[in-house]
Protein chains: 2
Amino acid sequence: MIVTPDLLRSFSILKTLADNDLLGLAQQSSLRKFTRRGIVLNAGEKEEHVCLLFEGRLQGVDFTIDGREVGLYFVQPGEFCGELGLFDRGPQPEYVIALTPSVVVFVPMSGLREIMNKTPTVANTLGLKLADRVRQMIFQRSLLGLPNIPQRVCCQLWALVPNKDKESDAASAIANPPTHMEIAIMLSMSRETVTRVFQTLQKRQIVRRDGSANLIINEVKILKDIAEGKESI
Amino acid sequence: MIVTPDLLRSFSILKTLADNDLLGLAQQSSLRKFTRRGIVLNAGEKEEHVCLLFEGRLQGVDFTIDGREVGLYFVQPGEFCGELGLFDRGPQPEYVIALTPSVVVFVPMSGLREIMNKTPTVANTLGLKLADRVRQMIFQRSLLGLPNIPQRVCCQLWALVPNKDKESDAASAIANPPTHMEIAIMLSMSRETVTRVFQTLQKRQIVRRDGSANLIINEVKILKDIAEGKESI
DNA sequence: GCCGGGGCGTGATTCAAATCACATAGCACC
DNA sequence: GGTGCTATGTGATTTGAATCACGCCCCGGC
């Protein structure tokens with residue numbers, strides 16, 4: 001499907017690009033839709049595209065030696081993934097799966113790399129993104145060190161609350177929330193345990209389901225306190 | 001202490017540098033020694049140096065919300081750390097601690113960034129390093145998904161075996177091995193559990209201690225098999 | 001040679017999460 | 001409106017790692 005320069009510009013990573021670069025890139029790019037569980041990027045292969053998420057939610061997943069799924073990160077609309085090969089031309093290290101029906105812009109790595117090599121600001125932005133990825137992973141790693149399991153779930157949930165709502169007292173919502181299983185693999189715990197934590201949160205009216213497309217956070221402040229260990233569940 | 005261009009060149013990350021760049025950098029750099037437990041980099045601060053490890057072993061550590069130590073990675077001689085700020089000028093996200101008496105070259109970030117910005121090959125090398133860091137972290141994350149705890153320990157041990165010995169059948173050695181506690185925080189388990197796994201490995205003559213400076217791997221192949229789940233402990 | 005602290009070794013006990021085994025509920029697609 | 005799959009809910013049981021509580025060893029400093 002056709003990709004316009006304006007669509008590309010809507011992604012913060014590309015917003016500093018010159019118009020003609022943007023146009024060239026748009027002509028090489030394509031729009032793809034994925035149904036739930038669709039495989040956006042394959043691990044092990046040398047991927048030729050960077051993926052910008054327009055709509056939906058993706059998850060990066062890896063597998064342990066013994067075949068268990070491990071969740072690495074979530075991708076929100078406006079973010080992107082698959083950028084590692086831009087730097088080292090290596091194989092894509094992890095799978096990326098669509099958690100909900102998603103719309104993804106595929107930008108060819110070769111074209112993007114060319115622009116990156118001639119435009120310091122773009123190289124900079126991409127370096128920044130990679131650095132952010134590392135910071136993100138350190139944070140996620142620190143969650144796995146929490147011995148208190150309900151707290152771990154609340155921390156993960158807290159990370160999914162939109163930033164704009166984190167300081168306010170009003171209710172918030174997480175659009176296209178991951179399933180219990182998808183949260184479980186992020187935190188290396190069982191699906192049942194995640195379900196039981198959610199049960200407690202719902203009984204205490206801290207969160208509420210609104211269909212499968214939204215998870216309402218009634219008590220943003222309390223969720224935060226539990227995540228920070230100030231309150232126990 | 002004085003740093004020579006030749007010393008800098010011995011680090012693979014800088015080996016492509018032009019002589020005059022190397023000289024300039026060497027004049028700004030300094031050599032520092034750390035005793036065991038010395039803090040090489042502080043978390044939270046905006047660090048002004050990248051650290052090249054000449055001798056010893058370092059560990060990147062973070063803390064959970066509830067104050068537990070979390071191990072992120074080990075640094076071997078020839079590797080470096082603290083490079084995140086080069087890209088995003090942000091604060092150092094994790095602590096870096098000397099696990100054994102260590103010799104570290106401190107290269108000022110400003111000088112290195114300047115060279116990186118004018119030399120595409122250096123920028124490339126540094127991007128490569130950051131990409132490698134991400135791959136490393138994904139691997140470490142996958143270890144935490146292993147439900148079989150002895151296997152987890154063996155995987156971590158396997159990662160510390162020098163690459164050159166991994167394919168051979170001969171015995172190998174890990175110089176300056178981490179303590180049980182330091183391994184424990186890498187794998188989010190208790191020190192006692194690590195000790196018990198080591199006891200089993202020693203009873204089966206798979207590994208052996210040689211003072212505190214070396215851990216001998218007698219049965220490289222068996223360790224590998226346990227790490228890969230082909231054999232159980 | 002004595003002292004002290006950090007790292008290691010080990011048993012006893014606890015306890016919470018994994019696992020197993022279903023039941024039920026939603027949703028998507030005929 | 002039925003059908004089937006996936007997600008969620010829940011109890012019973014098991015299990016094995018964390019925790020606690022020590023003792024010991026080794027090494028470096030005095």
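Because the structure is predicted, anything quoted here is derived from the model rather than measured. Note on naming: letters A, B, ... go to the chains in the order of the sequence lines (proteins, then strands), and numbering restarts at 1 for each one.
Not a single side-chain hydrogen bond (donor to acceptor under 3.5 Å, both in side chains) links B/Gln151 to another residue, sequence neighbours left out. Taking B/Val220 as the reference, B/Trp158, B/Ser172, B/Ile217 meet the side chain to side chain contact (heavy atoms under 4.5 Å, CB included) condition, with sequence neighbours excluded. For the ring-ring contact (aromatic ring centres under 6.0 Å, His included) test, residues two or more places apart in sequence or in another chain that qualify with B/Tyr95 are B/Phe63. With sequence neighbours left out, A/Thr193 forms a side chain to side chain contact (heavy atoms under 4.5 Å, CB included) with A/Ile149, A/Met189, A/Ser190. Under the side-chain hydrogen bond (donor to acceptor under 3.5 Å, both in side chains) criterion, A/Arg36 pairs with A/Glu182, sequence neighbours left out. By the ring-ring contact (aromatic ring centres under 6.0 Å, His included) test, A/Phe198 pairs with A/His180, sequence neighbours left out.
With contacts defined as side-chain heavy-atom distances shorter than 4.5 Å, the pair A/Val104/A/Phe54 does not qualify. Using a 4.5 Å heavy-atom cutoff, the side chains of B/Leu146 and A/Asp66 are in contact.
The salt bridge (Lys or Arg N to Asp or Glu O under 4.0 Å) pairs that include a residue from residues 196-214 of chain A are A/Arg204-A/Glu231, where partners are two or more places apart or lie in different chains.
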For nucleotides 28-30 of chain D, print each protein N/O atom paired with a nucleotide N/O atom at under 3.5 Å, atom names and distance only.
none

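A nucleotide of DNA chain C counts as in contact with chain B when one of its atoms lies under 4.0 Å from a heavy atom; the first and last such, 5' to 3', are C/dG7 to C/dA12.
Phosphate contact (OP1/OP2 of D/dT8, side-chain N/O of A/Gln202, threshold under 4.0 Å): absent. Neither OP1 nor OP2 of D/dA7 sits under 4.0 Å from any side-chain N or O of A/Arg209.
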Across nucleotides 16-26 of chain D, 5' to 3', mark each nucleotide with B, S or - according to how protein heavy atoms within less than 4.0 Å reach it. -SSBBB-----
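Residues from residues 174-186 of chain B placing a heavy atom under 4.0 Å of any atom in DNA chain D do not occur. Residues from residues 222-230 of chain A with heavy atoms under 4.0 angstrom of DNA chain D: there are none.
Remark: of the listed residues B/Glu94, B/Gln140, B/Gln59, B/Gln136, B/Glu94 is the sole one forming a side-chain hydrogen bond (donor to acceptor under 3.5 Å, both in side chains) with B/Tyr73.
The distance from the SG atom of B/Cys155 to the CD atom of B/Glu228 is 8.0 Å, given to the nearest 0.5 Å.
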